> 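Let me give you the structure first, and then I'll get to my questions.
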Amino acid sequence: MNDFPRNLIEFEERFATEEACVAYARGKKWPEGFRCAKCGARESWPVRGRRVEECRGCGHQESVTAGTLFHQTRKPLRLWFRAMTLWVTSKRALSAKELSRQLGLHYETAWHWCHRLRACVAASFGKEPLTGAVEVDETYIGGSDDRAHGGRSLAGRKALVAGAVEVRGDKMGRARLEALPAATGQNLKDFAVRNLEQRAVAVTDGLAAYAGLPEVGIGHQRNVIGKDSRRASKVLPRVHKLFSLFKRVVLGTFQGSVSHKHLPAYLSEFEFRFNRRNAASRWLLFDRVLSAAPAARGLRLAQLTQPVGGT
């Protein structure tokens with residue numbers, strides 16, 4: 001990794017040709033060298049004019065892009081590499097419309113690629129449980145406000161999101177965000193089990209649904225806030241800031257148009273960026289995402305555009 005590009009100029013020089021991109025992708029697919037999926041042989045030769053390796057033992061051919069982030073793509077990897085660079089190095093987020101504008105892609109293609117990248121980071125990053133004191137709360141995302149209703153009566157029209165963020169002095173540590181169907185005790189308990197280690201202490205408001213956390217080995221610090229919303233921000237400042245930052249990204253980058261169906265993907269993207277906000281080199285994130293790329297191999301455009309509940 002010492003020779004990986006550290007800036008845009010070095011990146012463009014390193015991956016100036018399609019051949020250089022294919023060679024790098026090949027190394028990520030077979031980090032220990034080629035191995036035939038059919039006979040297990042270790043030697044191959046490239047098929048001229050194609051992104052394909054042919055096994056010297058049995059003649060089986062396998063695409064360098066098969067089973068990766070680039071699965072079944074017809075676009076040049078050089079274009080894919082530029083798209084990944086723009087997406088990964090953006091600190092806030094990158095909309096499909098902006099990606100389409102910068103690279104001259106059809107909007108539908110850019111939208112599909114962004115979702116493949118979201119699926120990749122969702123499956124491969126952020127698996128370590130949160131530790132120590134962790135603020136936990138929930139909020140509602142999207143929909144239209146109604147003065148006649150508020151709080152948890154918004155369920156169904158807005159999407160419920162649970163959040164957790166580590167307390168690190170007066171700062172914020174790592175965070176987790178998940179969409180939940182309802183703020184029930186079981187749902188919130190399951191969210192805590194998935195994201196907090198058992199020795200962690202969940203710092204929550206007075207919602208009774210959190211009372212079952214000690215049953216699953218997670219400590220619980222309950223703070224009854226009452227109707228004073230200003231007190232809520234003082235008791236749980238970090239998780240409230242986390243929610244605020246996500247809502248700002250949704251409004252500023254995606255113009256508030258994030259559907260309930262795709263909300264989990266956008267939460268994973270935000271979580272990925274937030275937890276790596278202090279990364280020494282954002283360019284190395286490109287390499288990590290490419291290494292994790294097989295996680296998104298099966299995400300087809302038809303799946304993304306399929307109505308909720310469809311088959």
Side-chain angles (χ1 to χ4, degrees), residues 1 4-5 8 11-12 14-35 37 44 46-47 50-53 61-90 93-100 102-127 262 264-273 275-276 279 281-306:
M1 294 308 301
F4 194 82
L8 181 59
F11 185 91
E12 289 294 342
R14 175 72 175 273
F15 301 113
T17 65
E18 181 71 6
E19 290 73 19
C21 296
V22 171
Y24 198 79
R26 183 188 188 281
K28 288 300 173 184
K29 179 170 181 174
W30 296 297
E32 297 179 359
F34 174 84
R35 178 179 289 276
S44 68
V47 177
R50 299 172 61 191
R51 299 182 295 226
V52 172
E53 294 286 322
Q61 294 185 351
E62 183 172 349
S63 171
V64 171
T65 60
T68 73
L69 178 67
F70 319 115
H71 189 70
Q72 294 185 336
T73 187
R74 296 182 180 179
K75 298 290 187 182
L77 290 192
R78 190 164 179 266
L79 188 59
W80 260 104
F81 274 37
R82 271 67 190 167
M84 288 179 63
T85 298
L86 291 171
W87 193 87
V88 170
T89 59
S90 172
L94 183 71
S95 68
K97 189 170 185 178
E98 180 62 16
L99 184 63
S100 171
Q102 291 205 36
L103 295 181
L105 292 169
H106 189 281
Y107 174 78
E108 190 178 68
T109 299
W111 187 80
H112 184 200
W113 287 12
C114 285
H115 271 290
R116 278 203 173 189
L117 286 163
R118 292 182 187 112
C120 178
V121 299
S124 307
F125 294 86
K127 300 302 181 183
H262 297 301
Y266 288 95
L267 290 171
S268 295
E269 176 185 355
F270 176 83
E271 185 182 295
F272 167 77
R273 297 186 192 283
N275 289 339
R276 287 154 190 83
S281 172
R282 303 197 68 79
W283 292 93
L284 290 180
L285 293 178
F286 170 92
D287 182 81
R288 291 198 61 197
V289 169
L290 190 56
S291 298
R297 62 187 177 187
L299 190 63
R300 302 186 304 275
L301 183 61
Q303 293 175 270
L304 294 168
T305 55
Q306 182 177 301

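Any value given below was found using the heavy atoms of this structure, including those in side chains, with hydrogens, waters and symmetry copies removed. Note that the structure is predicted; figures quoted are calculated from it, not measured.
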> State whether W111 and R118 meet the cation-pi test: NZ (Lys) or CZ (Arg) under 6.0 Å from the six-membered ring centroid, and within 45° of the perpendicular axis.
no
> Once rounded to the nearest 0.5 Å, what's the spacing between atom CG of L117 and atom OG of S268?
12.5 Å
> Pick from W113, F286, Y24, W87: which one makes a ring pair (Phe, Tyr, Trp, His ring centres under 6.0 Å) with W80?
W113
> Quick one: does NZ or CZ of R26 land under 6.0 Å from the six-membered ring centre of F34, within 45 degrees of the ring axis?
no
> Of the non-hydrogen atoms in A96 and A110, which two are nearest, and what is the gap between them?
O-CB, 3.4 Å
> For the residue pair W283 and L8, establish whether any side-chain heavy-atom pair is separated by less than 4.5 Å.
yes
> Applying side chain to side chain contact (heavy atoms under 4.5 Å, CB included), run through L285 and T89 and close with a yes or a no.
CA-CA 8 Å; L285 293 178; T89 59; over 6 Å; no
> Quick check on side chain to side chain contact (heavy atoms under 4.5 Å, CB included): which of R51, M84, K75, R116 does F70 satisfy it with?
M84
> Work out which heavy atom in A16 is nearest to a heavy atom in R78; give both atom names and the distance.
O-NE, 2.7 Å
> Measure the spacing between CZ of F125 and CZ of R276 and express it to the nearest 0.5 Å.
5.5 Å
> Minimum heavy-atom separation for S90 to R273, with atom names?
O-NH1, 2.5 Å
> Can you tell if the side chain of P76 reaches within under 4.5 Å of the side chain of R82, non-hydrogen atoms only?
no
> Indicate the atoms forming the closest heavy-atom contact of T68 with V64, along with that distance.
CG2-O, 3.8 Å
> Rounded to the nearest 0.5 Å, what separation is found between the OG1 atom of T85 and the CG atom of L94?
11.0 Å
> Answer whether the closest heavy-atom distance between the side chains of S63 and R50 falls below 4.5 Å.
no
> With salt bridge (Lys or Arg N to Asp or Glu O under 4.0 Å) as the test, would you mind laying out the steps for K29 and E62 before giving the verdict?
CA-CA 11 Å; K29 179 170 181 174; E62 183 172 349; 2.8 Å; yes
> Decide side chain to side chain contact (heavy atoms under 4.5 Å, CB included) for V289 and C120; before the verdict, give the C-alpha distance in whole Å, the side-chain angles of both, and the deciding distance to 0.1 Å.
CA-CA 7 Å; V289 169; C120 178; 4.0 Å; yes
> Heavy-atom distance under 4.5 Å between the side chains of E18 and L77, does that happen here?
yes
> Does a side-chain heavy-atom distance below 4.5 Å link Y107 with K97?
yes
> Step through it carefully: locate the ring centre of Y266, locate the ring centre of H115, and say whether they are under 6.0 Å apart.
yes
> May I ask you to test the K28-D287 pair for a side-chain heavy-atom distance under 4.5 Å?
yes
> Main chain of E108, side chain of H112: is a donor-acceptor contact present, judged purely on distance under 3.5 Å?
no
